[in-house]
Amino acid sequence: MSDKPTYYVTTPIYYVNDAPHIGHAYTTLACDVLARFKRLDGFDVRFLTGTDEHGQKVEKSAQAAGKDPQTFTDEVSQNFRDLADFMNFSHDDFIRTTEDRHIKACQAIWKKLEEAGDIYLDNYGGWYAVRDEAFYGEDELTKTPDGKRIAPSGAEVEWVEEPSYFFKLSEWGDRLLAHYDANPDFILPESRRNEVTSFVKGGLNDLSISRTTFNWGVPVPGDDAHIMYVWLDALTNYITAVGYPETESGNYAKYWPADLHMVGKDILRFHAVYWPAFLMAAGLEPPKRIFAHGWWTNEGQKISKSLGNVIDPIELSNKYGLDQVRYFLLREVPFGNDGDFSHTAMVNRMNGELANDFGNLAQRVLSMTAKNCDGKVPNPGELSDDDNALLGQAQGLLAAVREHMDRQAFNHALETIWIVIRAANAYVDHQAPWKLRKEDPARMETVLYVLAETIRHLAILCQPVMPGTMAKMLDQLGVPADARGFEALGEAGALKPGAELPKPEGVFPRFVEEDAGA
Ligand code: MSP
């Protein structure tokens, strides 16, 4: 067995009622970058994504499409897999809640909750929003002029009255608060943690966890008239995928508790309140962290189907480039805050930071090397203070970037890398290797070597965010595929003077406005 430390990261599982859009791609992208980073950093990573296929919302969408729910979910789930492939996501498992392994896990956790005395049968009478698959108290709702009641999320609610099993959530408030207290990083960012804490302090009601008025769900063990509430079903996916109910061996023993559940801010309550309560009640450990990210708007407007401004991640990537979009989404906003997508902001980052800062640096250095060093890794002489300063900055990056990544501060990680990119550009201007070509060719080789080594560091560290373009850049530096992990940083994987280099090619094209419609 490998003795590598493990890292288990999950995305929410996506409702199969809709075509995938930028919001879905964003959540999974953040996880993909963490998974790739941790793999390069020597971890045994498990990265899970998938689709949430039960419940009233999916059943209604299937009906509207004139299909039976299974056929419908098979089709829509495939769209999410296709998006994941297109986006170059590196998940290890794709779970679907209609799979047998999952139904088995849901029924097993239900029985544990029942045995623990945390479930009782009663009647539910209250408000339900199908869009959110959530119950709301009267006091949380607002009324529209035409008498409709609206949840804080903007979803319309309907009155539901039916026999239902309940989970004794009201008894878990103190234990949840104690858990948040003992684990200050359990919910990030901090502002979200405060929101959750005050919600729990306000007192928790027991939670209805079964439905009887439709049947697209997991049957409650021992009572076929009920199906499990879709959120209990959905949350369980995180343990299904590591082999629950087998907890003593295999992947559960290896990977649980998860290191991180990445979620959008809209679904934090389910993950930070209900889920740890279910787990604790079933005698299982809660995950280590839940990070709630913000929402994207499009040119300042809320993204919605009715406004017709839904952003398709595939169209976006076809227009600007996949890695450019991956970079933009993680660089544009402090992770955790809401962000606005705009064409102008996208082009500014793509042309400014990728094409000008990073692209030019690599292109200048590689083409000078190709021309003046016979297409081989240059031969360095003695290093000056300036050379050592730049190399030292590059070598110091991993520790700083790792710290930001460990707090999901993608934007800070990238800013930190760009400080060195800018320092390298300043160094090129200052050392002027094109002048050295005639005056002092040996010094020119040293300068180009220092730069190539710096670019090697930058490209290795940028791989999680831009895997495709960085692979090309590392190819052009002649870095072998097995020397691209973080263990190769520092001097361990240093470029070998005299090694042959392939012909350089730019990897970050500029976006030119006239090309837009072409
Ligand atoms: N099925 C549930 C999750 C169950 S997890 C046990 C669900 N699915 S969802 O498809 O509606 O949403 C999944 C994710 O997409 C959420 O994290 C949500 O925040 C994210 N986004 C949806 N629209 C978004 C934006 N406009 N911007 C950013 N993320 C958004 O909820």
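All values reported here derive from a predicted model rather than from experimental measurement. Side chains are part of it too, since the values below use all heavy atoms of this structure and drop only hydrogens, waters and symmetry mates. Note that ligands are numbered from 1 as they come in the structure, with each ligand's atoms numbered from 1 the same way.
- Qualifying salt bridge (Lys or Arg N to Asp or Glu O under 4.0 Å) partners for D82, counting only residues two or more places apart in sequence or in other chains: none.
- The shortest side-chain heavy-atom distance between H179 and R175 does not fall under the 4.5 Å cut-off.
- Put simply, the side chain of Y14 reaches to within 4.5 Å of the side chain of T28, judged on heavy atoms.
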Pairs under 3.5 Å, nitrogen or oxygen of ligand 1 with protein nitrogen or oxygen:
unit_1, atom_1, unit_2, atom_2, d
ligand 1, 1 (N), I13, O, 2.8
ligand 1, 1 (N), D52, OD2, 2.7
ligand 1, 10 (O), Y15, N, 3.2
ligand 1, 10 (O), H24, NE2, 3.4
ligand 1, 17 (O), G264, N, 2.9
ligand 1, 19 (O), D266, OD1, 2.6
ligand 1, 19 (O), W295, NE1, 3.1
ligand 1, 26 (N), W296, O, 3.3
ligand 1, 27 (N), W296, N, 2.9

Just distance, no hydrogens or angles: give the donor-acceptor pairs under 3.5 Å from side chains in residues 273-286, sequence neighbours left out.
unit_1, atom_1, unit_2, atom_2, d
W275, NE1, H261, NE2, 3.1

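- Applying the ring pair (Phe, Tyr, Trp, His ring centres under 6.0 Å) rule to F199 yields no partners; only residues at least two apart in sequence or on another chain are considered.
- In this structure, the separation between OG1 on T6 and CZ on R46 is 11.5 Å, given to the nearest 0.5 Å.
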